[in-house]
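Contents: one structure, followed by commentary.
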Amino acid sequence: MAAPLEEDDADLFKDDYYAILNLPKDASKDDVNNAYRKFSKIFHPDKHQDPLKKKDAEQMFGKLKRAHEVLSDEHKRVIYDLYGEKGLETYGMEVISRTKTPAEIIAEYERFQKEQEDRRLQQQTNPRGQVTIGLNATDLFDHYASYEEYEEPHFPTVEINTMNISQTVECPLTVKDTVVVGGTLSTQNGRGSGVFLATWRRLLSNKSWAELETTIGTSTSMNLKVSRQLTKRIVGTASCVLVVQLDQNLQGRITWNVLLPSFLATSVIYDTQKHHALFSIQLGILSSFVIGSYTRKFQEIEGKARVAIKAGTFGIIFEYGVEKRITKFSTLGATVILGIPTGVMLKIKLNRGQQTFNFPIMLSEQILPSAIFYGTFMPIFAYFVVKKIIINPFLQEQNKKEIEKKRQEHADKVAQRKREAEAAVELMKETVERSIEVEEKKTGLVIVKALYGKLVGMEGEMARQECIDVTIPIQALVKDSKLIVPDTASKSNLPGFYDPTLGDEKQLYIKYKFHNRLHVVTLRDEEPIRLPQQKHRVRDEPEPSNNSSSEGPRS
């Protein structure tokens with residue numbers, strides 16, 4: 001599903017309607033109706049005479065009805081797929097009463113979200129800060145070959161030659177007006193400077209906006225910028241910036257800076273989930289250059305690798321670097337810059353929330369192999385050492401504390417889920433007994449053992465606190481000697497399941513028989529289930545006798 005309206009730990013305990021009916025996200029209306037009828041045979045209150053079971057059946061049947069009601073209704077299902085159960089609770093009825101098509105439902109939700117955001121504007125600020133500390137480490141590599149002329153031993157030194165600190169705070173005043181205030185302090189080679197910055201942004205219409213920026217201090221200036229969306233793909237500004245969206249991933253941009261330093265630049269940008277490429281040409285009075293860069297994004301490890309080359313009237317610069325998310329709110333990057341005639345520089349950048357820390361380190365004024373080697377490999381070595389010794393232990397300890405806190409906060413809800421799952425298992429027993437009898441007669445699919453949770457050790461050694469027995473709920477899903485469970489966010493939402501280890505990664509262990517042959521499989525929590533399969537068969541299991549085996553389709 002799409003991201004919910006707001007993230008909340010309570011969402012962990014919201015019912016997954018697809019899992020309740022054991023359906024994939026693309027299930028048809030007929031599939032929804034068939035699944036509802038199948039589970040109604042198990043959980044309908046009229047199927048149970050015992051008063052306690054009847055009461056439990058009423059609760060479970062209520063969930064089935066709710067899941068069927070939402071997934072069989074086109075409008076409600078669109079809302080649920082977009083925003084989950086919270087969307088139905090918050091805005092569902094109002095949106096459904098006003099709209100007729102899924103497109104209109106989405107548009108109506110966007111309006112609701114915008115209104116919610118507007119109401120929060122008065123309470124929001126968006127502080128941003130940047131600290132830059134420039135280091136000169138050329139003495140490490142550009143030192144003299146001999147120190148005989150020195151009366152005392154000479155030790156290489158690292159100097160701080162520049163420092164810059166800036167901070168801004170964004171203050172929304174109205175729906176259309178925002179003020180940004182901030183300041184910058186800098187020092188370089190013993191000389192300092194500073195400015196105060198104030199910016200007023202005004203939304204003129206849905207397609208145009210204006211920005212007035214004023215700086216007071218070492219330099220005083222005032223700039224006015226007006227932008228307007230000309231078409232769906234073209235945006236123009238009064239400062240002569242034209243942006244054209246050529247297609248979904250390709251953008252063209254032309255910039256003409258009339259004031260000094262005057263220049264004309266054109267750029268082509270290609271951007272996808274995995275790749276980012278840029279090619280730009282700038283012609284100017286002070287400098288002209290050509291730049292090309294390529295960035296490879298690695299979403300699975302939340303990292304990036306970048307190479308770039310820039311050539312112009314100033315010389316040639318080649319860059320290569322990496323960036324990696326190290327914690328939930330922190331990103332660390334390192335870039336090596338080789339330039340003629342600038343030399344070798346290492347830039348280290350740390351982002352923490354809205355704060356940025358830059359450390360440009362000048363290693364050598366010449367292209368020296370030693371400076372390139374240490375500038376490339378020392379940050380990598382230092383990162384892995386720090387990650388192993390400091391970051392990983394810290395994150396593990398923090399994760400343990402968060403999990404323990406979450407378990408304590410939601411202990412009552414977990415206990416309630418456990419009671420509901422146990423009640424569902426009791427309601428399934430008669431149906432499962434009949435299912436096993438039918439499957440055994442045709443030597444079909446029989447679940448011998450199924451365990452769900454944090455699996456530790458072998459089957460007989462698995463701690464009871466770490467996993468739960470789901471043999472009966474899994475057998476209840478068997479139909480015509482097949483077990484099919486689509487991929488889900490978590491199997492804890494399946495009937496008869498609950499989460500025994502909140503916050504931990506969970507697995508599902510299944511031991512089953514098919515054609516009287518033993519099979520074993522262990523699956524990840526979100527992984528789909530398709531049984532039987534030949535690859536699950538236990539190879540050292542003895543062949544069944546001729547009396548108990550029967551020829552049939554291969555598993």
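No hydrogens, no waters, no symmetry mates; every other heavy atom, side chains included, goes into these values. The structure displayed is predicted, hence computed values, not measured ones.
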Legend entry - side chain to side chain donor-acceptor pair (under 3.5 Å) between T184 and S166, intermediate numbers included: CA-CA 4 Å; T184 299; S166 62; 4.6 Å; no
Report yes if some heavy atom in the side chain of [X] is under 4.5 Å from a heavy atom in the side chain of [Y]; otherwise report no.
X: V131; Y: N164; value: no
X: L332; Y: Y383; value: yes
X: Y18; Y: D487; value: no
X: W200; Y: T178; value: no
X: Q396; Y: F394; value: no
X: I484; Y: I529; value: no
X: M163; Y: S186; value: no
X: W256; Y: F263; value: no

Kindly give the heavy-atom pair with the smallest separation between [X] and [Y], and that separation in Å.
X: R253; Y: T255; result: CG-OG1, 4.0 Å
X: L502; Y: R407; result: O-NE, 2.9 Å
X: G194; Y: L185; result: CA-CD2, 4.1 Å
X: I216; Y: T214; result: CG1-CG2, 4.2 Å
X: A305; Y: F298; result: CB-CE1, 4.0 Å
X: K454; Y: D504; result: CD-OD2, 3.7 Å

Taking atom [atom1] of [X] as the centre, does the number of heavy atoms from other residues, nucleotides or ligands within less than 6.0 Å exceed 12?
X: E505; atom1: CD; result: no
X: L395; atom1: CG; result: yes
X: F289; atom1: CZ; result: yes
X: K324; atom1: NZ; result: yes
X: I316; atom1: CD1; result: no
X: R296; atom1: CZ; result: yes
X: F329; atom1: CZ; result: no

Interatomic distance, [X] atom [atom1] to [Y] atom [atom2] [nearest 0.5 angstrom]:
X: S364; Y: L346; atom1: OG; atom2: CG; value: 13.0 Å
X: L250; Y: I269; atom1: CG; atom2: CD1; value: 9.0 Å
X: I372; Y: F377; atom1: CD1; atom2: CZ; value: 11.0 Å
X: M345; Y: I361; atom1: CE; atom2: CD1; value: 9.5 Å
X: Q188; Y: N161; atom1: CD; atom2: CG; value: 7.0 Å
X: S492; Y: L508; atom1: OG; atom2: CG; value: 11.5 Å

Inset, instruction - Tell me whether the guanidinium CZ or amine NZ of K310 lies under 6.0 angstrom from the six-membered ring centre of F318 and within 45° of its axis. - result: no
Is there a donor-acceptor contact under 3.5 Å linking the side chains of [X] and [Y]?
X: S490; Y: N493; answer: no
X: T356; Y: N351; answer: yes
X: Q130; Y: R128; answer: no
X: Y452; Y: D525; answer: yes
X: T313; Y: S288; answer: no

Legend entry - Verdict with reasoning, L338 to I367, per side-chain contact (heavy atoms from CB on, under 4.5 Å): CA-CA 7 Å; L338 311 178; I367 305 296; 4.2 Å; yes
Inset, instruction - Show your working on side-chain contact (heavy atoms from CB on, under 4.5 Å) between E211 and T199 and close with a plain yes or no. - result: CA-CA 7 Å; E211 183 176 293; T199 304; 3.5 Å; yes
Inset, instruction - Determine, for D499 against K506, whether the closest basic-nitrogen to carboxylate-oxygen distance falls under 4.0 angstrom. - result: yes
Legend entry - R201/E170 salt bridge by N-O under 4.0 Å criterion: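 Salt bridge: yes.
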Legend entry - Of R306, E323, H276, H275, the residue whose pairing with K297 passes side-chain contact (heavy atoms from CB on, under 4.5 Å): H276
Inset, instruction - Kindly assign one of parallel, tilted or perpendicular to the pair Y17 and Y80, based on the angle between their ring planes and the thresholds 30° and 60°. - result: parallel
With a 3.5 Å distance limit and no angle check, can you tell me whether [X] reaches the backbone of [Y] through a side-chain donor-acceptor pair?
X: K491; Y: R524; value: yes
X: D31; Y: S28; value: yes
X: E365; Y: T138; value: no
X: S280; Y: T266; value: yes
X: S205; Y: S208; value: yes
X: K304; Y: Q299; value: no

Legend entry - N358 vs I133, side-chain contact (heavy atoms from CB on, under 4.5 Å): CA-CA, chis, key distance, verdict: CA-CA 6 Å; N358 294 305; I133 300 176; over 6 Å; no
Inset, instruction - Kindly determine whether V268 and Q251 satisfy side-chain contact (heavy atoms from CB on, under 4.5 Å), including the steps that lead there. - result: CA-CA 6 Å; V268 177; Q251 182 186 97; over 6 Å; no
